[in-house]
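In what follows, a structure is listed as C-alpha cells, so that the remarks can point back to it.
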Amino acid sequence: MTRRWLPVALIVLTAACAQQPRPAVTPQLPSGPLPGAAALQSDLSSIFQAPAFGNAVWGVLVRSLKTGDTLFALNPRTLLMPASNMKVVTMAAAGETLGWDRTFKTTLLATGPIEQGVLKGDLVVVGSGDPSLGGRPTAGNTIFDAWAADLRAKGISAIQGRIIGDDRAFEPQGLGAGWAWDFLDAAYATPTGGLNFNENTVQVTVKPGAAAGDFAAVESAPGGHDLVIENAAWTSAATAEVAISLDRAPGSAVLRVSGSLPAGHAPVVRSVSVESPTLLSVGALRRALSTSGIPVSGDAVAIRSLAAAPDVVRAVPLLTYTSPTLTQIGKLTLKVSQNLYADTLLRLMGCPAPLESRPMCTTRAGIRTVGEVLKGWGIAPGSYVMVDGSGLSRYDYLTPELLVTVLTRMNSDERHRGPFLDALPIAGVDGTISGRMRDTKAQGNARAKTGSISNARALSGFVTSADGEPLVFSMIVNNFNVSQAEADRLIDRAVVRLAEFRRR
C-alpha cells in the first residue's frame, strides 16, 4: 500500500469498525424443522455461548452444499478480523484471475559481451514476483547452483561486472498496511518484492560455547544476505533454560542476537525476515556463482539503488527460470498459510497481462481486481475491508457469509474445485490443522483454512456429515482474552459436531 491511498483505506476501516464489535445476536434457527437439524442448532449454540468467551464476538455460518439450507447462523454478516482466512479470498480470486496454470518467470540477462569465457558486463536478474523462487528455506541454494551450471555450459567462467537485481515489476513498498511493527522481523512477516528468494528469510543458528560464560556462536544461511548480525548471546550453565532472542528494528538491516543458551545444548535455529528481498536474492546468487567456480568482480546490488540503471531491453538473455504453476503455489499458500505467497499473488492480480506490456504491480491494483471478482460473484463491497492478501493486517475485515459464499463458489465451479480443495489443510492429516481433530469423524474429512492473529481465530472450509451431506462453514471469533488454544478447541468441537451430524 502506498501513502497516497492509505487515508481512503482508513476511512473505509473507520466505517467498518463503527459497526463492530457489537453484542452477539440470538442464533438463527435452521430453515428446516427436522429433529437432527434442531439438535445441531442446540449443540452449536451451547458451544459458542461458552462463558470464557462471554466478552468475545463470534461470527458463524453453516450451510448445506446439497440443499442450500442454513443449518446454523450467529452474526453471519458481522465484519470481523479474519486473520489468514483472508487467504481464502486471495486464493479464490487468484485462481479466477490468473488461472491455475499460471507460472512466473525469472530471467538472467547479460549487459556485455562474453569474451574468452568472461562476461564483460553486468549479470541482471529480472524478477516477475515469483514468490517460490528457491523453494522452501530448507532447499538452500539449489536453484542458484543449477543456474551456475547452466552459465558454465554456455561458456561463462567469470563475470567482470555486478550482479544486479531488477525488482521493478513491483512497487517498492513491500510491507502491508496495518501490520504490527513488533513482528516485522519474524519469518512470517517478510516484505514482498519483484525479486524474492528463500521466502525472503535468513535462517540463524545459535550454538553454545565450550563453557558457561563463553560467547555463543552464530551462523546464518543462505550466504550473501545483507543482514548485519550483532552477537550478544552467551553460554549459560548446563541446567539453565534456553533464552535466545532475535530482534531487528523496522527499516534496519541490523539483527541483534541476544540472551543465553545452556552449555551442551543442541543448536537453536530461528528464521528471520530480511529488509531487502532483492539484496538477499542477488547476494545469495553472487555467492553461489563464486562457490561454483564463476568469480564475480562486482558487487551484488539492487537496480533501484543505481544512479544509472543498465539497459535491460538491449541486454542478451542467458537463461529463463519458470516457476511451478499456481496450483502448486496455491497448495503451499493455504496448507502452511504462507503469507509472502498470498501478498505476492494479490499484487500480481493487479496486472495479469505479461510483464512486458504492463506497469508495475501494486497492492492497490490487486485489491481493485479482487473487488471486481467478488462483485461478479454477487458480493457487495460493504461486506469486506481488504488491505492485504495474507490477513496479517489488523485493518482486514470479512464476514462469515462472504467466506461461505466464496467457498461455495469454489466448490461449484469445475475449474476451481480440484485445485482449491486440494490446497486446503486436512484435519488431522496435513497443513495447519494436521494436529487438530484427530481420532474424530472430522479427521481426514474436514478441509479448512485457519486464521490466527492476536485476539482473533478463524476456521473456514468444508466437512461431510455422517449422512454424507457436504457442508460449508465459516467460524470466526474476535476480541477474546483467553488462550488461542481454547478458541481452537471450541471451533474444533463445532466442526466435529458437523461431521457427526445426521438429518434424522
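Source: prediction; values computed, not measured.
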Practice task
Answer whether the closest heavy-atom distance between the side chains of Leu40 and Leu498 falls below 4.5 Å.
Solution key: yes
Practice task
Any chance you could lay out the salt bridge (charged side-chain N to carboxylate O under 4.0 Å, His left out) test for Arg77 and Glu401, step after step, and finish with the verdict?
Solution key: CA-CA 6 Å; Arg77 295 180 181 175; Glu401 184 176 63; 3.1 Å; yes
Handout entry: Side-chain donor-acceptor pair present, Asp214, Thr235, cut-off under 3.5 Å
Key = no
Handout entry: Sidechain-backbone polar pair: Asn200 side chain, Phe197 backbone, donor-acceptor under 3.5 Å
Key = yes
Practice task
Using atom types as modelled and distance alone, determine if a side-chain donor or acceptor of Ser46 lies under 3.5 Å from a backbone N or O of Ser42.
Solution key: no
Practice task
Check the pair Leu471, Leu65 against side-chain contact (heavy atoms from CB on, under 4.5 Å), reporting the backbone distance first and the verdict last.
Solution key: CA-CA 5 Å; Leu471 309 177; Leu65 288 170; over 6 Å; no
Exercise for the section: Say whether Thr408 and Arg63, considering side chains only, have a donor N or O and an acceptor N or O under 3.5 Å apart. Expected result: no
Practice task
Carefully, step by step, assess Leu332 and Arg136 under the rule side-chain contact (heavy atoms from CB on, under 4.5 Å).
Solution key: CA-CA 10 Å; Leu332 188 59; Arg136 303 306 319 272; 3.4 Å; yes
Practice task
Over all heavy atoms of both residues, which pair between Leu392 and Asp396 is shortest? Give the atoms and the distance, please.
Solution key: N-OD2, 4.4 Å
Problem - Any side-chain heavy-atom pair of Val60 and Asn75 under 4.5 Å - result: no
Handout entry: Min side-chain heavy-atom separation Pro277-Leu195 under 4.5 Å
Key = no
Completion exercise
For Val482 and Ala52 the tightest heavy-atom approach is CG1-O, 3.8 Å
Exercise for the section: State, yes or no, whether a side-chain contact exists between Leu255 and Glu230 at a heavy-atom distance under 4.5 Å. Expected result: no
Exercise for the section: Take Glu96 and Arg409 through the test salt bridge (charged side-chain N to carboxylate O under 4.0 Å, His left out) and record every step on the way to the result. Expected result: CA-CA 11 Å; Glu96 178 75 11; Arg409 180 79 185 199; 5.2 Å; no
Exercise for the section: Give a yes or no on whether a salt bridge exists between Arg248 and Glu275, defined as a side-chain N under 4.0 angstrom from a carboxylate O. Expected result: yes
Exercise for the section: Indicate whether the side chain of Thr205 and that of Glu219 have a donor and an acceptor atom separated by less than 3.5 Å. Expected result: no
Exercise for the section: Indicate whether the side chain of Ser465 and that of Lys441 have a donor and an acceptor atom separated by less than 3.5 Å. Expected result: no
Handout entry: Note: Arg436-Asp488 ion pair, threshold 4.0 Å (strictly below)
Key = yes
Practice task
Could you pull out the closest heavy-atom pair between Leu348 and Cys361, with the gap in Å?
Solution key: CD2-SG, 4.2 Å
Exercise for the section: Answer whether the closest heavy-atom distance between the side chains of Thr363 and Leu346 falls below 4.5 Å. Expected result: yes
Handout entry: Under 3.5 Å donor-acceptor, Asn455 side chain and Phe480 backbone
Key = yes
Exercise for the section: State, without any angle test, whether Gln203 and Ser271 hold a side-chain donor-acceptor pair at a distance under 3.5 Å. Expected result: yes
Handout entry: salt bridge (charged side-chain N to carboxylate O under 4.0 Å, His left out) evaluation trace for Arg503 with Asp69
Key = CA-CA 12 Å; Arg503 285 281 185 174; Asp69 288 351; 3.6 Å; yes
Handout entry: Contact summary for Ser393 and Asp388, nearest pair of heavy atoms
Key = N-OD2, 2.9 Å
Practice task
Over all heavy atoms of both residues, which pair between Glu199 and Gly135 is shortest? Give the atoms and the distance, please.
Solution key: CG-O, 4.0 Å
Practice task
Would you kindly say whether Arg102 and Thr327 are connected by a side-chain donor-acceptor distance under 3.5 Å?
Solution key: no
Exercise for the section: Determine whether the side chains of Lys87 and Thr90 contain a donor N or O and an acceptor N or O closer than 3.5 Å. Expected result: no
Problem - Short side-chain donor-acceptor distance under 3.5 Å, Ser390 and Asp343 - result: yes
Completion exercise
Of all heavy-atom pairs linking Ile244 and Arg270, the shortest is O-NH1, 3.1 Å
Practice task
Taking the six-membered ring for Trp and the single ring otherwise, decide whether the centroids of Trp234 and Phe215 are under 6.0 Å apart.
Solution key: no
Practice task
For residues Phe72 and Phe473, establish whether the separation of their ring centroids is below 6.0 Å.
Solution key: no
Handout entry: Distance-only polar pair, side chains of Ser245 and Asp247, donor-acceptor under 3.5 Å
Key = yes
Handout entry: No-hydrogen, no-angle side-chain donor-acceptor test under 3.5 Å, Ser460 and Lys449
Key = no
Problem - Asn478-Trp58 side chain donor-acceptor pair, cut-off 3.5 Å - result: no
Exercise for the section: Establish, from distance only, whether the side-chain atoms of Thr450 and Thr432 form a donor-acceptor pair under 3.5 Å. Expected result: yes
Practice task
Could you give me the CA-CA distance, side-chain angles and deciding distance for Val495 and Met475, then say whether side-chain contact (heavy atoms from CB on, under 4.5 Å) is met?
Solution key: CA-CA 9 Å; Val495 176; Met475 304 174 186; 4.0 Å; yes
